[in-house]
Amino acid sequence: MKIKIAPAKFKLNPRIIYTALSATVILIGTYLAIRYAQGDFRLTNQGILPETGLLAANSFPNGAQVYINNRLVTATDDTIYLEPGEYEVKIAKDGYSSWTKMMAVKKELVAQTNATLFPSAPSISPLTFTGAENSLPSPDGRKIVFNTASASSQIKNGLYLLELGENFNPFQKSSRQIAIAEPSIDLSKANFIWSPDSSELMVLTKQKQVLISINDNQRLSTLPDVTFKKKQILSEWEEEMYLRERQYLQEFPKEMLVVATQSAKNVYISPDKKRLLYTATASAILPKDIVPPVPSASSQPEERTIEPGSIYVYDREEDKNFKIAQEKGSAELGAKSLLANDLFRNKPLSFESSPSAFAKLQATSSALTSYRFNSYHSSLFINTLQWFSDSKHLLFIQDDNIQIMEYDGTNNTTLYSGPFAQKFIYPWPDGSRIIILTSFSPNSPKNLYAIELK
């Protein structure tokens, strides 16, 4: 008897099929998502772009048009996927000066424009009305002291303080009197020196030398004369300035500090303490890769070979050194020197142990002494560029115009081309205005005005 064995029938389980297909889809999707996140490709209107980078096109104010290689692409604020390479990016908005820069887009990285657009026809608001002589900004950048000699009554003449607050209203009184003028004291030819903390003001005249608090309105005739202890007061202030400078500069790499202390003058730290503006006095070479590379660092050309007479900005976070201008003449009363030229000492100096070390800024004349202290705090008094409040721009005067440019030397823009006293331009603390000293009538005294930028 023969037994026939029927062939086995193999039957696939639908659940196994669905599980396998799901796993395959998940694996493929995960792989594509990783590749997508890494910028290996992007789905765009032009199809699939391989190996993309991102351009974050943002501007202040926003809502501006974005052109890439002269082609209108989008509006700010937006993120654009681009193949790695160099692109000319232009951001334009009606009523504002346009912004243009060559930018490098790299695979898997985000390049940001951070474009600040300045109005092409800014409005001007008066800050003072009865004249402003001897205008001097404070070390903290939030106050301006000035002398008024043209008020309607004698008691209204004297020293005034203009506080540069955020809630400025041009229709309200913005300055207050801190010292009443005296017939026996000539404030029109006085020299002023701010204390480092911006709380006191030393007034130096031929008749009397006094120290006043900015919180009160005082009569100069009733204040004690500080001539006999002026040197000690100024030395103590210099020590405070030295310690602050030492603290800020220690954040910079040693290689840059060698240049700043040995091969440069007119060294000014940006308001955010991250950049140095300086004028080279000797040839030097700044080594590359002082600090570890930063993703999406500036792609603008830099200069590591330093030449005398050239003006540079060094960025300590990105380790970039930009040549931005050439020195044109020098300050009449001398250049600014760093006080903390002993940065490689383990322990800072002190007035108690070395009182003679803190008299570098003092001179035989009150005019030169005040100039040295004032130019230490601000480059307003030196024939060079001046930091803007955002630490990303620099103010300067060129061809009788007030100009502004980015710290890497790009986007040179004219802010104002009307009449102004060229020895006084100053930024508002929040960057919303530029303060100028001018007169729009030959028979009226010069006053402080605000050029509105926002």
Side-chain angles (χ1 to χ4, degrees), residues 97 118-138 143-164 168-192 203-206 328-329 331-333 367 370-371 374-375 378-386 395-404 413-428 432-453:
S97 299
F118 296 100
S120 52
S123 60
I124 300 177
S125 304
L127 299 175
T128 63
F129 299 91
T130 56
E133 301 175 337
N134 292 350
S135 302
L136 178 65
S138 61
K143 310 171 189 70
I144 293 179
V145 67
F146 62 91
N147 178 50
T148 290
S150 304
S152 56
S153 65
Q154 180 64 31
I155 196 173
K156 291 184 179 180
N157 287 329
L159 297 183
Y160 283 78
L161 185 75
L162 174 65
E163 299 195 56
L164 312 181
F168 166 73
N169 187 337
F171 301 103
Q172 295 180 352
K173 186 177 180 180
S174 54
S175 58
R176 58 181 175 84
Q177 193 174 29
I178 60 173
I180 301 172
E182 303 284 352
S184 60
I185 300 177
D186 187 2
L187 289 176
S188 64
K189 297 180 181 179
N191 296 291
F192 305 136
V203 181
L204 307 176
T205 70
K206 290 184 178 180
K328 295 181 179 179
E332 295 179 2
L333 298 177
S370 62
Y371 168 81
N374 298 334
S375 61
S378 172
S379 58
L380 166 65
F381 306 95
I382 294 179
N383 188 23
T384 186
L385 298 95
Q386 184 180 175
L395 282 173
F396 61 101
I397 298 171
Q398 187 176 52
D399 300 328
D400 296 330
N401 296 327
I402 298 177
Q403 308 277 121
I404 194 168
T413 304
T414 299
L415 292 179
Y416 176 78
S417 57
F420 67 101
Q422 297 200 9
K423 290 187 177 182
F424 193 92
I425 60 170
Y426 198 72
W428 206 270
S432 61
R433 303 169 182 87
I434 296 292
I435 305 170
I436 63 171
L437 182 67
T438 189
S439 172
F440 294 99
S441 170
N443 297 323
S444 62
K446 288 184 173 63
N447 277 288
L448 296 172
Y449 289 82
I451 301 174
E452 305 290 338
L453 301 181

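Small disclaimer: the values here were computed from a predicted structure and weren't measured.
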K.L.:
Minimum heavy-atom separation for Pro122 to Glu452, with atom names?
P.N.:
CB-O, 3.1 Å

K.L.:
For Asn401, what residues pass the side chain to side chain donor-acceptor pair (under 3.5 Å) criterion, not counting sequence neighbours?
P.N.:
none

K.L.:
Who passes salt bridge (Lys or Arg N to Asp or Glu O under 4.0 Å) against Glu182, sequence neighbours left out?
P.N.:
Arg219

K.L.:
Rounded to the nearest 0.5 Å, what's the gap from CD on Glu133 to OG1 on Thr148? Could you check?
P.N.:
7.5 Å

K.L.:
Below 4.5 Å, heavy atoms only, C-beta onward: do Ile402 and Thr414 meet side chain to side chain?
P.N.:
no

K.L.:
How many angstroms lie between atom CZ of Phe192 and atom CG of Leu187, to the nearest 0.5 angstrom?
P.N.:
6.0 Å

K.L.:
Under 3.5 Å, which donor-acceptor pairs link side chains of residues 434-441 to any protein atom two or more places apart or in another chain?
P.N.:
unit_1, atom_1, unit_2, atom_2, d
Thr438, OG1, Pro419, O, 2.9
Ser439, OG, Ser441, N, 3.4
Ser439, OG, Ser441, O, 2.6
Ser439, OG, Ser444, O, 3.0
Ser439, OG, Ser444, OG, 3.0
Ser441, OG, Asn443, N, 3.4

K.L.:
My understanding is that only residues two or more places apart in sequence, or in another chain, count here; which of them pass side chain to side chain donor-acceptor pair (under 3.5 Å) with Asn134?
P.N.:
none

K.L.:
List the residues meeting salt bridge (Lys or Arg N to Asp or Glu O under 4.0 Å) with Lys446, not counting sequence neighbours, and say none if there are none.
P.N.:
none

K.L.:
Quick check for you: to the nearest 0.5 Å, what is the distance between Phe381 atom CZ and Leu136 atom CG?
P.N.:
4.5 Å

K.L.:
Given side chains that start at C-beta, do those of Tyr426 and Ser378 come closer than 4.5 Å, heavy atoms only?
P.N.:
yes

K.L.:
For Tyr371 and Ala331, which heavy atoms make the closest approach, and how far apart are they?
P.N.:
OH-CB, 3.2 Å

K.L.:
Using the rule given for side-chain contact (heavy atoms from CB on, under 4.5 Å), can you reason through Thr128 versus Phe146, listing the C-alpha separation, both sets of side-chain angles and the distance that settles it, and then say yes or no?
P.N.:
CA-CA 10 Å; Thr128 63; Phe146 62 91; 3.4 Å; yes

K.L.:
Could you tell me whether Leu333 atom CG has more than 12 heavy atoms of other residues or ligands within 6.0 Å of it?
P.N.:
yes

K.L.:
Taking only residues two or more places apart in sequence or in another chain, which ones pass ring-ring contact (aromatic ring centres under 6.0 Å, His included) with Phe118?
P.N.:
His393

K.L.:
What residues form a side chain to side chain donor-acceptor pair (under 3.5 Å) with Ser97, not counting sequence neighbours?
P.N.:
none

K.L.:
Do you know which two heavy atoms are closest between Asn447 and Thr130, and how far apart they sit?
P.N.:
OD1-N, 3.4 Å

K.L.:
Hey, could you give me each pair passing salt bridge (Lys or Arg N to Asp or Glu O under 4.0 Å) that has a residue in residues 145-163? Not counting sequence neighbours.
P.N.:
Glu163-Arg176

K.L.:
In chain order, what residues pass the side chain to side chain contact (heavy atoms under 4.5 Å, CB included) check against Ser379, with sequence neighbours excluded?
P.N.:
Tyr268, Thr384, Gln386

K.L.:
Calculate, to the nearest 0.5 Å, the distance between atoms CD and CD belonging to Gln403 and Gln398 respectively.
P.N.:
5.5 Å

K.L.:
Can you tell me if Gln177 uses its side chain to pair, donor with acceptor, with the backbone of Asn157 under 3.5 Å?
P.N.:
yes

K.L.:
Tell me, please, which residues at least two apart from Ser370 pass side chain to side chain contact (heavy atoms under 4.5 Å, CB included).
P.N.:
Asn191, Ile193, Asn374

K.L.:
Can you tell me how far CZ of Phe396 sits from CG of Asn383, rounded to the nearest 0.5 angstrom?
P.N.:
12.5 Å

K.L.:
If you round to the nearest 0.5 Å, how far is CD1 of Ile425 from CD1 of Ile404?
P.N.:
9.0 Å

K.L.:
List in chain and number order the residues that pass side chain to side chain donor-acceptor pair (under 3.5 Å) with Ser188, two or more places apart in sequence or in another chain; answer none if no residue qualifies.
P.N.:
Asp186

